[in-house]
Structures are given as structure tokens and as C-alpha cells.
Amino acid sequence: MAKNPDPKLRLTNIWKVLKVGNIENPKDYKSGEALAFEFDASAKTYFGNAGCNTIRGAIKENDGERLLLGPGMSTMMACPNMEAENEIKQALEAARSYQIQSNTLSLQDSVGNTLMTFQAID
């Protein structure tokens with residue numbers, strides 16, 4: 001009998017940011033590359049590029065659906081446009097659940113509104 005994989009481990013991946021708030025395909029301020037976040041369900045950590053600064057933090061709760069991220073520690077560079085970065089920080093703080101379908105990850109707030117959408121990179 002096959003053992004079912006732990007549903008919370010599905011979060012573990014490197015994810016490209018497709019949309020945050022009203023911003024589609026945000027890019028890194030310096031390189032112009034797509035922004036990416038790595039979630040590691042086993043280590044209970046996340047790390048990513050918010051456009052100007054990098055953010056890392058703890059995954060406080062993850063049961064395969066519910067998600068609570070600890071406050072992210074961030075580098076403190078100032079960039080000309082901080083709009084995407086501010087949206088990403090707000091989305092990470094407000095996330096309370098997530099869904100993964102067809103290599104797409106979406107973070108939702110407490111009432112089910114989608115805050116941020118990612119696509120699996122690998």
C-alpha cells in the first residue's frame with residue numbers, strides 16, 4: 001500500500017512570482033529577472049527576492065492548506081520603486097492559506113482573497 005505524501009511538503013519548491021496585488025510579473029530592480037521565492041516546508045523557512053531586497057522568514061503554520069508566515073527579515077536597500085516590494089511584504093504577512101494546482105501556488109488571506117500567485121520554476 002502506497003503511503004500518501006505529506007500534503008504540506010507540496011509547498012517546498014522554488015516559485016516565480018506571477019502576480020502580487022495588481023502587479024503582474026514583478027521584476028528585480030537591478031537585474032530585470034523574475035522574482036522568485038523558495039519555500040522549504042521541512043525546514044519551515046521561506047526566502048525570496050521582493051524586487052529590491054531579499055526577505056527570509058519562518059513558516060509558523062502549514063498543514064497543507066492553512067499557512068501562517070512569520071515576519072520576514074529583509075535587507076534594507078532603498079530603490080526608486082518599492083511598490084512591488086511593499087505589496088509582497090503585505091501579502092506574506094496577510095497570508096492565511098494556500099492552494100497548489102497545476103504548478104501554480106496562490107496565497108490567500110483569511111477570507112479567501114488571492115494575495116499572490118506563483119508558478120513552480122523547476
Side-chain angles (χ1 to χ4, degrees):
M1 190 165 123
K3 188 173 175 229
N4 289 336
D6 188 336
K8 66 180 176 257
L9 296 180
R10 293 174 50 221
L11 183 62
T12 300
N13 210 332
I14 299 172
W15 303 90
K16 177 176 82 170
V17 180
L18 296 178
K19 186 172 183 191
V20 59
N22 293 318
I23 302 167
E24 306 238 355
N25 299 306
K27 305 275 187 245
D28 179 88
Y29 161 68
K30 288 192 182 114
S31 71
E33 302 266 322
L35 304 185
F37 274 76
E38 182 172 1
F39 290 91
D40 185 335
S42 298
K44 296 185 178 169
T45 59
Y46 67 92
F47 173 79
N49 180 344
C52 178
N53 292 287
T54 56
I55 299 174
R56 72 174 60 241
I59 299 172
K60 290 187 163 186
E61 191 177 323
N62 168 20
D63 68 3
E65 288 177 13
R66 292 189 324 172
L67 182 69
L68 184 60
L69 301 173
M73 300 295 289
S74 169
T75 52
M76 301 296 287
M77 292 189 302
C79 294
N81 183 347
M82 300 290 282
E83 187 183 2
E85 180 145 335
N86 292 332
E87 289 280 343
I88 288 170
K89 285 181 181 177
Q90 288 173 10
L92 293 172
E93 287 172 21
R96 294 296 175 267
S97 65
Y98 67 97
Q99 291 181 327
I100 299 173
Q101 293 175 327
S102 307
N103 290 328
T104 302
L105 164 67
S106 58
L107 302 184
Q108 284 99 24
D109 65 13
S110 58
V111 293
N113 296 314
T114 298
L115 302 167
M116 200 164 165
T117 310
F118 303 84
Q119 181 169 4
I121 288 180
D122 40 33

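Note that the structure is a prediction, hence the values are computed from the model and not measured. The analysis underlying the following values was restricted to heavy atoms, covering all of them including side chains, and did not include hydrogens, waters or symmetry mates. Throughout, residue positions are numbered sequentially from 1 according to the sequence presented.
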(request) Could you tell me which non-hydrogen atom of Gly32 sits nearest to which non-hydrogen atom of Lys27, and how far apart they are? (result) O-CD, 3.1 Å
(request) Determine whether Tyr29 and Pro80 make a side-chain contact, defined as any pair of heavy atoms from C-beta on separated by less than 4.5 Å. (result) yes
(request) Compare all side-chain heavy atoms of Lys30 with those of Met77 and state whether any distance is below 4.5 angstrom. (result) yes
(message) Once rounded to the nearest 0.5 Å, what's the spacing between atom CG of Leu107 and atom CG of Leu67?
(response) 6.5 Å
(request) State, yes or no, whether a side-chain contact exists between Thr54 and Phe47 at a heavy-atom distance under 4.5 Å. (result) yes
(message) Just to verify, what does Glu85 make a side chain to side chain donor-acceptor pair (under 3.5 Å) with, not counting sequence neighbours?
(response) Asn53
(message) As an exercise, state the distance from CD of Glu83 to SG of Cys52, rounded to the nearest 0.5 Å.
(response) 13.5 Å
(message) Ignoring hydrogens, what is the shortest heavy-atom contact between Arg96 and Asp109? Give both atom names and the distance.
(response) CB-C, 4.0 Å
(message) Within the structure provided, determine whether Ile55 and Met73 are in side-chain contact (heavy-atom separation under 4.5 Å).
(response) no
(request) Taking side chain to side chain donor-acceptor pair (under 3.5 Å) as the test, write out the residues that go with Thr117, two or more places apart. (result) none
(request) Provide the full list of side-chain hydrogen bond (donor to acceptor under 3.5 Å, both in side chains) pairs with a residue in residues 31-47, sequence neighbours left out, each pair given once. (result) Asp28-Ser31
(message) Let me confirm one number: the CE-CD1 distance from Met116 to Ile88, rounded to the nearest 0.5 Å.
(response) 4.5 Å
(request) Locate the shortest heavy-atom distance separating Ile23 from Ala84; write the atom from each residue and the value. (result) CD1-CA, 3.5 Å
(message) Test of understanding: with salt bridge (charged side-chain N to carboxylate O under 4.0 Å, His left out), list the residues that count as partners of Arg66, not counting sequence neighbours.
(response) Glu61, Asp63
(request) Answer with yes or no whether the hydrophobic clustering places Ile100 together with Val17; edges join I, L, V, M, F, W, Y residues whose side-chain heavy atoms lie under 4.5 Å apart. (result) yes
(request) Name all residues meeting the side chain to side chain donor-acceptor pair (under 3.5 Å) criterion together with Asn22; count only those two or more places apart in sequence or in a different chain, and write none if there are none. (result) none
(message) Within the 4.5 Å heavy-atom criterion, are Asn62 and Phe39 side-chain neighbours or not?
(response) no
(request) Verify the cluster assignment for Leu92 and Met82: are they in a single hydrophobic cluster under the rule of side-chain heavy atoms below 4.5 Å apart? (result) no
(message) To the nearest 0.5 Å, what is the distance between CD on Gln108 and CG on Asn113?
(response) 8.5 Å
(message) Quick check on Lys16: does its NZ atom have over 12 non-hydrogen neighbours (other residues, nucleotides or ligands) under 6.0 Å away?
(response) no
(message) Rounded at 0.5 Å granularity, tell me how far CZ in Arg56 sits from OG1 in Thr75.
(response) 10.0 Å
(message) Quick check for you: to the nearest 0.5 Å, what is the distance between Leu35 atom CG and Asn25 atom CG?
(response) 9.5 Å
(message) Run the salt bridge (charged side-chain N to carboxylate O under 4.0 Å, His left out) test against Lys8 and tell me which residues pass, sequence neighbours left out.
(response) Asp6
(request) Taking the side chain as every heavy atom from C-beta outward, state whether Leu11 and Ile59 have any pair of such atoms under 4.5 Å apart. (result) yes
(request) Assess the side chains of Ser97 and Gln99: does a donor N or O sit below 3.5 Å from an acceptor N or O? (result) no
